[in-house]
Amino acid sequence: MLRKSSNGVRIKAFAVVLMVTTILLTFSACQWDSSAQTKSDVHGAEDLKSATIGVQLGTTGDIYASDYKKDGAIIVEYNKGADAIQALKKSKVDCVVIDEQPAKNFVKQNADLSILDEAFAVEEYAICFAKSNTELRDKVNSALAQIKDNGTLDSIIDSYISGKDNSTYQYISQSNTVPTNGTLTVATNASFEPYEYMENGKICGIDIDVSQAIADILGMELKVTDMEFDSIITAVSSGKADMGVSGITITDERKKNIEFSTPYTAAKQVIIVRNGTSDNNAFLSVDKFKANFLDEGRWQYLAQGLLTTLQITLLAVIMGIVLGFLIAIGRVSCEKTGKYKVLNWILKTYLTIIRGTPTMIQLLIIYYVIFASSSIDKVLVAVIAFGLNSSAYIAEIVRSGIESISEGQFEAGRSLGFTYAQTMRHFILPQAIKNVLPALGNELIVLLKETSISGYIGIMDLTRGGDYIRSRTYDAFLPLIVVALIYLAIVSILSALLGKLERRLKNDDK
Amino acid sequence: MLRKSSNGVRIKAFAVVLMVTTILLTFSACQWDSSAQTKSDVHGAEDLKSATIGVQLGTTGDIYASDYKKDGAIIVEYNKGADAIQALKKSKVDCVVIDEQPAKNFVKQNADLSILDEAFAVEEYAICFAKSNTELRDKVNSALAQIKDNGTLDSIIDSYISGKDNSTYQYISQSNTVPTNGTLTVATNASFEPYEYMENGKICGIDIDVSQAIADILGMELKVTDMEFDSIITAVSSGKADMGVSGITITDERKKNIEFSTPYTAAKQVIIVRNGTSDNNAFLSVDKFKANFLDEGRWQYLAQGLLTTLQITLLAVIMGIVLGFLIAIGRVSCEKTGKYKVLNWILKTYLTIIRGTPTMIQLLIIYYVIFASSSIDKVLVAVIAFGLNSSAYIAEIVRSGIESISEGQFEAGRSLGFTYAQTMRHFILPQAIKNVLPALGNELIVLLKETSISGYIGIMDLTRGGDYIRSRTYDAFLPLIVVALIYLAIVSILSALLGKLERRLKNDDK
Amino acid sequence: MTNSSDVMIHIENLKKSFGDDNILNGITTDIKKGEVLVILGPSGCGKSTFLRCLNLLEKPNEGHIYLDGVDITDHKTDINIQRQKIMMVFQHFNLFPHKTILENLTIAPIKLKKMSPEKANEKAMALLKRVGLEEKANTYPKQLSGGQKQRVAICRALCMEPEVILFDEPTSALDPEMVGEVLDVMKELAKSGMTMVCVTHEMGFAKEVASRVVFIDEGVIAEDDTPKNVFENPKNQRLQDFLSKIL
Amino acid sequence: MTNSSDVMIHIENLKKSFGDDNILNGITTDIKKGEVLVILGPSGCGKSTFLRCLNLLEKPNEGHIYLDGVDITDHKTDINIQRQKIMMVFQHFNLFPHKTILENLTIAPIKLKKMSPEKANEKAMALLKRVGLEEKANTYPKQLSGGQKQRVAICRALCMEPEVILFDEPTSALDPEMVGEVLDVMKELAKSGMTMVCVTHEMGFAKEVASRVVFIDEGVIAEDDTPKNVFENPKNQRLQDFLSKIL
Ligand SMILES: Nc1ncnc2c1ncn2[C@@H]1O[C@H](COP(=O)(O)OP(=O)(O)OP(=O)(O)O)[C@@H](O)[C@H]1O
Ligand SMILES: Nc1ncnc2c1ncn2[C@@H]1O[C@H](COP(=O)(O)OP(=O)(O)OP(=O)(O)O)[C@@H](O)[C@H]1O
Ligand SMILES: [Mg+2]
Ligand SMILES: [Mg+2]
């Protein structure tokens, strides 16, 4: 498949350099006529009425933004927030309505995006008390002020919202003394993650940690009671609970019945827009490079992926060579002796099937049908799929290699008293292998490139590694190009080695 | 890439038949040793404590099942309900806890699965009234009995739950007379799809339709008021609303404060288990075939996919041929004249890059980088990617074709007074094309197989079509095998035609 | 610059080298209208190169070639127009295998001289008749023998009504029994007054038809005389050796 | 069944056909120990086929071949063991190009006769010395001339210490100047008492060395006599024609 240029390695080294230039030029040219980086026309919630709004499907933002449909807004729902941001950057939508927390992350990573100052929708959560219990309310308010000031509140919220998976902060009761001021009974409804929810049979969440922090300050023992949400206010009013902490939004209606503390947190929907600064010409900047490969050790996805790719390729080619040789020897023997017609048919059919269907389909069949019920490692599945695939191509390479050895070699072997198998082993195969080495090397290169479809069954190979980085950094250019360069480098090295081998074999034959 | 067997078409027709047998045998052999189809050990909710439970991530089932973690149960969360079912079938989990509605669908399609009689968790929804208002409650109860009996209730629920997208049923007020018995004020909280939610600025949902049906029977005009969920009970109690309909679960606590109607619907979590009947040997049954290809016109995915595949292949090969010829002519001309060194370098680099990187990477770069900002049709993206890819291979084919034409032909043309371009056009290319036709045919076959990766960027090609059916019917075998057969058939036909062409060209040359 | 009206091609100090190999080392001669010039020389001495320089299939490194007074080595000259006056017949015929004999003959006049297809066909058929191949008009080159192919190649050249025809060993790829039929055509052509430059080892032809014989050695013209003098009384030592070997 | 102790190979009614072509039509003869049998016959008469039947490179359709009293056409006979007694020298040498000359000679004894490599090497070197090629021991076949290759091929056969050697036109692929050196080796071999069956067109060799000459025509033995009688007094008409052509 890959014919070699006679100039070999030097041309290739040059090619790699020129390539980057070419692709950059192509890319710039393509970017040029795209009107991606104009400033959004959305300056406030008012402008949403005539805007195309990107949202994440099913989020609060989606629900709120949908209210503007009747005014003529067009809502485009994306499965991932990141996709919506991507669309915004490419001017496919005018703005994105999304939760404040992820919005901050997106804007941090994209200099061309800004969050509008005007919050789109705010819900403030506060603690509620019985109308009569202003004493506790005041105490709690001052406790709240204290934990707001010393950062405890932010730490609690952060640990649940932004860093949930790898949270380093966990609120731990800080009072060393036994609580002396009695019990603080808190009513909540533990089904509103992350504010309050059940985990391992315990109620936990932001509200619980906040309550604990308050209890610590007040020197009281915390007791949390789980109940229906709509019973909380009744429970607080009737004095069954001292206070209600359950992500309760402050509304005028509620204020009539109960007292609210100062709000301790706000869930905000914000509007992200393009700010008109272009980050186009920055697509090879150090920052970009850092974001794509150095931050969070993202280069490891490529390194790991490369290893997986090489692993699959190597194992598959070994399997392909072993199987391919067996099939080729079987085919040649069947045709030569005219015996084992059934075996010959089976082998022929095998070759027809493998070479008549896409590798992708073979991969899917092997993954979803053959190994559906066993919990075999995916990489092994890929090795088997690519191994079987290449075995068919290698079989034909080897067969033509064997057939290129003159009949006389066979007769010489047999007439010396060697058996068919011995003749094959000692005389035919060694010569055939030498003849087919270049073709086998080529097959290795073809296979290496072909393994890039492994991602389809979820293997983190080199291609998928780049794709994964892309999905994290919202930058398609650098990861894909670097992956392409890595492939190109490996293929070039293999081609150069192959060329050397071919030249040596040619000299050998002189 | 695809060497032809000399026996041609007849062998191939045979091969296709034998192939099915081979694959079936392979498959049966593989299935044999898998312990997939044993009966589940779970017979009731009690058994969940020691079971491996499959759930859909984030559903009620997930939350409920998680309660058993402390008892030793292992919870495996899947992104899709279908994946959990697949895992259950393959004995990777012991049971699946899931909503009743989807559960029914799954069991219908999988004879080897059953729903346990014992419901796992039931939430009954009822309408609430003020304690004092038993009169209305009784009226509503009898109205509810009426719409339960005449099927109206089921139709309403079905239209929202099972057939939402293509719902044929919509409750339309059936009273032809003007409501004479006054107004029925209903309190609800329109944020609980599908029971009550806002659509196009109107409140709708199951509860609203049910209320309307009741109002029709009572001869009253319906008035729906949206409020906070926890205000509904207060509103009803205080008489601000006649009744509350908002997916309100009957609880003992609530019963103390308000009256409930008979429940009008129940949201149920159920447990699906393997019933021990094997559906293995049924994998070629008429039912399976029907489910995979006839139900819901699923064959259309294949037909549509095949069309897309052929479309991409054909357009790409045309683009590849056009570009490939241009590149080949450019390369030959540059090398012959020794001029245009830069052009030659660019062309060489282009070939090195395209042939040194996987098609997959090229597809991704073209989709995510080059055409990132334009809303170009994906099929066109694929055509361009595969066209560029094949152009490199075709260029080398054509170049070797041109170089196989003797220098004398060139000199004859030039010496007659033809220009370089005219000589190319009238004498060199016609002969070169004839020489490379078989190789071009081969490239068409290679390309056809290669387009099977289009699904990676979400194109519904033949491969993805089969994959899509698989994701609907939870049967990997039939869809993938049929797709493989279709590819094999096309490749076989193309190979046969190619063989004919080659023989004809050979005869021509005699 | 000699420009007398009866000079067809004036060659002035023609030099050609391939890399460091100097093949032609300054050749100066005139070819007159109607002249039949035979070029002799040992293998590899540059006879073909000389011929190919005349219609610029090879680009000379130095010197000038004037065709009918036009300097064809000048950059500004449209070489494609000039080449139409000076056809070439190759050792290996170089017919176009994908075109019929008739098409081989007519394509150049039709495409380059804008001759109407009817007229071109008529002319081609007349030429084919002249060489006895009219019944092969609609066959393909591969169906012809070598001698027939070479006669067709000559017709193809004639179809363009050239002022000079260059022959590069037109008979040396032929089986011996076919040499005669090609030489006959060439003789007839010579008699009809066509200006011809022939590289050939057929001494009989040279003796009978040539008006002048040139011997090239070491990249220059080593002898230039009538056939009679050249064959019967060679002055150059190398020429004597050469003749003694091939006669 | 003749089984006298001096009969090496007893051939009984040997028939061989390829598809519908009957090549050998019932050949019966004995080859004695130490005999040098030369087989003559027109091209395509089946000489090679006959030779190849003797070591079962071709499977006879009918008849029996007894080697030292063992029926090698019997299914139960281990043909690989029997073949070790009856070596073949081919027209195109068929040396193994990926092995050195020494390896070509020693591989069969080492692998098949379980001879120790040292002993095999010693023996091989002695044989190479006998044919004057000991200094080529570590070169590869491609570095040898045709005559040298054929002498190596004979050594390879001898290395297995066979009881019979079959020669199938061992000199006809050689340049004339190399024929002599191969024939010399064969003559020496014949004198040493080796049983040999030779297909050859070298009549000189046949006359000088053969103990018996057999002429095959139409698939049967048409004449079977001493070389003297065969060459000086051929009885069969076809043999007379054949000899008149090649002598
Ligand atoms: N394109 C080329 N590149 C390099 N060297 C060339 C080229 N064409 C010809 N030569 C060399 O120039 C020399 C003269 O070649 P030319 O074909 O003109 O000789 P010739 O007199 O026609 O010989 P012959 O009688 O064998 O046809 C030869 O040594 C040849 O190798
Ligand atoms: N494997 C085969 N299959 C079919 N026909 C064969 C085969 N081998 C030989 N023949 C035919 O058998 C006939 C005898 O062949 P053989 O080689 O024995 O002749 P020969 O006497 O050795 O001729 P020569 O002197 O040319 O070597 C020939 O007609 C040949 O075409
Ligand atoms: Mg020449
Ligand atoms: Mg023979």
Side-chain angles (χ1 to χ4, degrees), chain A residues 1-3 5 11-12 15 18-19 22 26-27 30-31 34 36 69-70 90 92 200-201 228-231 233 251 253 345-346 348-350 352-353 355-358 360-361 364-365 368-370 372-375 396 449-450 452-453 456 463 467 470 476-477 480-481 483-484 487-488 491-492, chain B residues 1-3 5 11-12 15 18-19 22 26-27 30-31 34 36 69-70 90 92 200-201 228-231 233 251 253 345-346 348-350 352-353 355-358 360-361 364-365 368-370 372-375 396 449-450 452-453 456 463 467 470 476-477 480-481 483-484 487-488 491-492:
Chain A
M1 293 254 311
L2 195 113
R3 276 171 120 259
S5 81
I11 285 290
K12 246 155 220 152
L18 203 79
M19 184 209 59
T22 318
T26 318
F27 183 59
C30 290
Q31 276 302 97
S34 91
K69 262 193 207 165
K70 60 177 180 292
K90 304 302 178 193
K92 286 176 183 173
N200 300 325
E228 294 286 323
F229 186 75
D230 51 340
S231 304
I233 293 177
T251 62
E253 207 166 347
W345 273 358
I346 291 175
K348 263 188 189 163
T349 308
Y350 175 81
T352 307
I353 295 170
R355 307 195 309 153
T357 51
M360 179 66 109
I361 285 288
L364 290 177
I365 288 183
Y368 285 114
V369 179
I370 310 276
S373 44
S374 45
S375 47
E396 289 300 273
K449 293 192 284 172
E450 208 143 40
S452 65
I453 64 173
Y456 210 90
T463 302
D467 224 32
R470 181 178 62 74
F477 181 74
L480 285 177
I481 293 298
V483 167
Y487 275 111
L488 189 59
V491 169
S492 297
Chain B
M1 295 257 304
L2 194 112
R3 276 170 121 262
S5 82
I11 284 291
K12 249 160 213 144
L18 204 78
M19 184 210 58
T22 316
T26 317
F27 182 59
C30 290
Q31 276 300 99
S34 90
K69 262 193 207 165
K70 59 177 180 293
K90 303 303 179 194
K92 286 175 183 172
N200 300 325
E228 294 285 325
F229 185 76
D230 51 339
S231 303
I233 292 177
T251 62
E253 207 165 347
W345 273 358
I346 291 174
K348 262 189 190 162
T349 308
Y350 175 82
T352 307
I353 295 170
R355 305 195 311 155
T357 51
M360 179 67 110
I361 285 287
L364 289 177
I365 288 182
Y368 284 114
V369 179
I370 312 276
S373 45
S374 46
S375 47
E396 289 301 273
K449 292 191 285 173
E450 208 143 41
S452 65
I453 65 172
Y456 209 90
T463 302
D467 225 30
R470 182 177 61 76
F477 182 74
L480 285 176
I481 293 298
V483 167
Y487 275 110
L488 188 59
V491 170
S492 296

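Naming: A, B, ... by sequence-line order, numbering from 1 per chain. All values below come from the heavy atoms of this structure, side chains included, with hydrogens, waters and symmetry mates left out.
To the nearest 0.5 Å, atom CG of residue B:L364 and atom CD1 of residue A:I481 are 11.0 Å apart. Residue B:Y368 holds its OH atom at 9.0 Å from CG of A:L480, rounded to the nearest 0.5 Å.
The minimum heavy-atom distance between A:T463 and B:M360, with the atom names listed, is CG2-CG, 3.9 Å. Across every non-hydrogen atom of A:T357 and B:A484, the tightest pair is CG2-O, 3.4 Å. Scanning both residues, B:K449 and A:R355, for their nearest heavy atoms gives NZ-O, 2.8 Å.
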